[in-house]
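Here the structure comes first, spelled out in structure tokens, and everything after it is commentary.
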Amino acid sequence: MHFLDQAKIYVRSGEGGPGAVSFRREKYIEYGGPDGGNGGKGGDIVFECIAGLNTLIDFRYTQHFRAPRGSGGSGSNRTGAGGKDLVIRVPLGTQVLSEDKEEVLIDFTEVGQREVLFRGGDGGRGNASYKTSTNRTPRQHGTGWPFGEAWVWLRLKLLADAGLVGLPNAGKSTFINQVTNAQAKVGEYAFTTTRPQLGVVRHKQREFVVADIPGLIQGAAEGAGIGDRFLGHIERCRVLLHLVDANDADVGESYRIVRDELENYGEGLTDKNVIVALNKIDMLDAELVAALSAELTEASGAEVMAISGVSGAGIEAVLDKLIGAIGPAPGAPKELAEGEEPVAWSPL
């Protein structure tokens with residue numbers, strides 16, 4: 001399945017049905033009076049967040065969504081049938097933006113979340129509702145309320161607990177393949193990763209989601225390389241794992257390039273908890289690894305973990321640190337303070 005994280009679609013709710021102009025015509029009943037029913041309500045445009053999707057590819061081929069209009073009223077005070085709501089199903093993490101992308105209209109953060117973007121128009125009044133003591137035979141009726149319509153953008157931001165960042169060929173794909181069941185493409189050339197990749201890590205009876213995004217190069221904020229369009233997929237991560245290739249000529253400069261691009265992008269990425277790791281140490285001796293780690297520590301101001309995505313060296317320690325940064329799993333029992341006794345529950 002192809003990955004698509006942005007799509008522009010047209011949505012229009014249903015127009016309300018017109019009210020009816022009708023009069024009773026029954027034998028032996030003179031001047032039966034008006035009995036025109038109201039029109040039916042138009043269908044709503046409803047967005048629903050469902051599980052099992054991680055792409056907006058369906059919206060590449062279907063871009064126009066129109067809810068049915070309400071049916072017109074009829075005699076005998078019969079109200080017209082309402083138009084069915086049009087439900088548009090989107091993946092978890094989808095945002096609905098205005099056409100100019102300046103306003104977030106809906107943000108889907110939970111599976112099962114349903115939001116009405118445009119309500120269908122109400123049905124028009126039938127002539128029976130216009131009857132008064134001085135207007136016994138009204139012939140006016142409502143035509144139905146208009147629909148709502150707009151072009152909107154759908155933008156997918158994958159929901160992950162941890163995000164991988166680094167220059168191209170920093171070993172991010174190898175790392176995610178090592179710790180998850182993902183099958184990210186790996187190659188000896190830059191930009192082997194051209195789209196975000198998700199994987200589920202299972203470590204020490206914990207599960208968390210890792211997102212791998214295409215590598216950043218200097219000038220990515222201005223569109224260099226693949227650019228920074230995929231950085232939105234790590235905006236909601238609780239922690240970032242910054243991988244630096246130990247074979248780079250200047251590991252400190254490699255770190256600073258990526259940090260500068262994160263800062264240029266904004267959205268609070270530089271404020272997130274970051275774990276710095278020196279990758280591909282299996283190709284170096286211990287003395288050189290120590291020297292490069294010290295150089296990277298000076299550039300980043302953080303503790304540097306030496307790992308190898310190929311051999312698995314240091315991976316366990318990194319996963320432990322990621323779990324600590326992510327925090328307890330939802331619903332996990334609260335840790336007791338020193339000397340605190342657990343409270344036993346009793347129905348009595």
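Being a predicted model, the structure only gives us computed values, none of them experimental.
Using a 4.5 Å cut-off between side-chain heavy atoms of Ile, Leu, Val, Met, Phe, Trp and Tyr, with links allowed through other members, F65 and V46 fall into different hydrophobic clusters. Tracing side-chain contacts under 4.5 Å through hydrophobic residues (I, L, V, M, F, W, Y), one never reaches V11 starting from W145; they form parts of separate clusters. At a threshold of 4.5 Å between side-chain heavy atoms, the hydrophobic network of Ile, Leu, Val, Met, Phe, Trp and Tyr places V116 and V87 in one connected group. Residues L167 and V274 fall within the same hydrophobic cluster, defined by Ile, Leu, Val, Met, Phe, Trp and Tyr side chains chained together at heavy-atom separations under 4.5 Å.
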Handout entry: Chi angles and distances behind the side chain to side chain contact (heavy atoms under 4.5 Å, CB included) call for R66, E149
Key = CA-CA 9 Å; R66 297 180 176 89; E149 63 176 338; over 6 Å; no
Exercise for the section: Please lay out, stage by stage, how T94 and F47 fare under the test side chain to side chain contact (heavy atoms under 4.5 Å, CB included). Expected result: CA-CA 10 Å; T94 301; F47 284 88; over 6 Å; no
Exercise for the section: Starting from the C-alpha separation in whole Å, work towards a yes-or-no answer on side chain to side chain contact (heavy atoms under 4.5 Å, CB included) for R155 and K101. Expected result: CA-CA 10 Å; R155 180 173 64 188; K101 295 186 178 181; 5.8 Å; no
Handout entry: side chain to side chain contact (heavy atoms under 4.5 Å, CB included) assessment of I307 paired with L243
Key = CA-CA 9 Å; I307 67 171; L243 297 183; 3.9 Å; yes
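Shortest non-hydrogen contact noted between Q178 and I315 is CG-CG1, 4.3 Å. The nearest pair of heavy atoms linking C237 to A162 is SG-C, 3.7 Å. Closest non-hydrogen pair, P91 versus L56, comes out as CD-CD2, 3.5 Å. Closest approach of V90 and L53 over heavy atoms only: C-CD1, 4.3 Å. Between L269 and E235, the closest heavy-atom pair is CD2-CA, 3.8 Å. For A150 against F118, the heavy-atom pair with the smallest separation is CB-CZ, 3.7 Å.
Using a cutoff of 4.0 Å between basic side-chain nitrogens and carboxylate oxygens, R114 and D44 are not scored as salt-bridged. The pair K8-E99 counts as a salt bridge, with a side-chain nitrogen and a carboxylate oxygen less than 4.0 angstrom apart.
For E298, the CD atom is loosely surrounded, since the number of other residues' heavy atoms within 6.0 Å does not exceed 12. Within a 6.0 Å sphere centred on CD of E287, heavy atoms belonging to other residues, nucleotides or ligands number 12 at most. R139 CZ: 12 or fewer foreign heavy atoms inside a 6.0 Å radius.
In this structure, the separation between CG on L278 and OG on S254 is 10.0 Å, given to the nearest 0.5 Å. A distance of 8.0 Å separates OH in Y255 from CG in L296, rounded to the nearest 0.5 Å. In this structure, CE on M305 lies 9.0 Å from CG on L241, to the nearest 0.5 angstrom. In this structure, CD in Q95 is found 10.5 Å from CZ in F108, a value given to the nearest 0.5 Å. A distance of 8.0 Å separates CE in M283 from CG in D245, rounded to the nearest 0.5 Å. Distance check, rounded to the nearest 0.5 Å: CG of L117 to CG of L86 gives 11.0 Å.
Under the 3.5 Å distance criterion, the side-chain polar atoms of S13 are matched with a main-chain donor or acceptor of R119. Within the 3.5 Å criterion, the main-chain N or O of S98 finds no donor-acceptor partner in the side chain of E102. A donor-acceptor distance shorter than 3.5 angstrom exists from the side chain of H141 to the backbone of G19, with no hydrogens or angles considered. Q63 places no side-chain N or O within 3.5 Å of a backbone atom of A7 that could act as its donor or acceptor partner. No donor-acceptor pair under 3.5 Å is formed between the side chain of S76 and the backbone N or O of R78. N127 places a side-chain N or O within 3.5 Å of a backbone atom of P138 that can act as its donor or acceptor partner. Panel note: side chain R238, backbone I326; a donor-acceptor pair is recorded below 3.5 Å. Although no hydrogens or angles enter the test, the distance criterion places no donor-acceptor pair under 3.5 Å between the side chain of D35 and the main chain of A128. With D122 contributing its side chain and K41 its backbone, the two residues share no donor-acceptor pair below 3.5 Å.
Within the 4.5 Å cutoff, the side chain of K172 has no heavy atoms near those of the N279 side chain. No side-chain heavy atom of L156 sits less than 4.5 Å from a side-chain heavy atom of L4. Side chains of V210 and L164 form a contact here, defined as non-hydrogen atoms less than 4.5 Å apart. Side-chain contact between N38 and S129 is present, with at least one heavy-atom pair separated by less than 4.5 Å. Looking at heavy atoms from C-beta onward, L105 lies out of side-chain contact with W153 at the 4.5 angstrom threshold. In this structure, the side chains of E295 and V304 stay at 4.5 Å or more apart for every pair of heavy atoms. You'll find the side chain of I9 reaches within 4.5 Å of the side chain of V152, heavy atoms only. Between H64 and W151 there is a side-chain heavy-atom pair separated by less than 4.5 Å.
Remark: R69 is not positioned above the aromatic ring of F147, lacking an NZ or CZ atom under 6.0 angstrom from the ring centre and at most 45 degrees off the axis.
With no hydrogens or angles considered, no side-chain donor-acceptor pair links D282 and S311 at under 3.5 Å.
Applying side-chain contact (heavy atoms from CB on, under 4.5 Å) to V201 and the options T180, D161, I323 leaves one that passes, T180.
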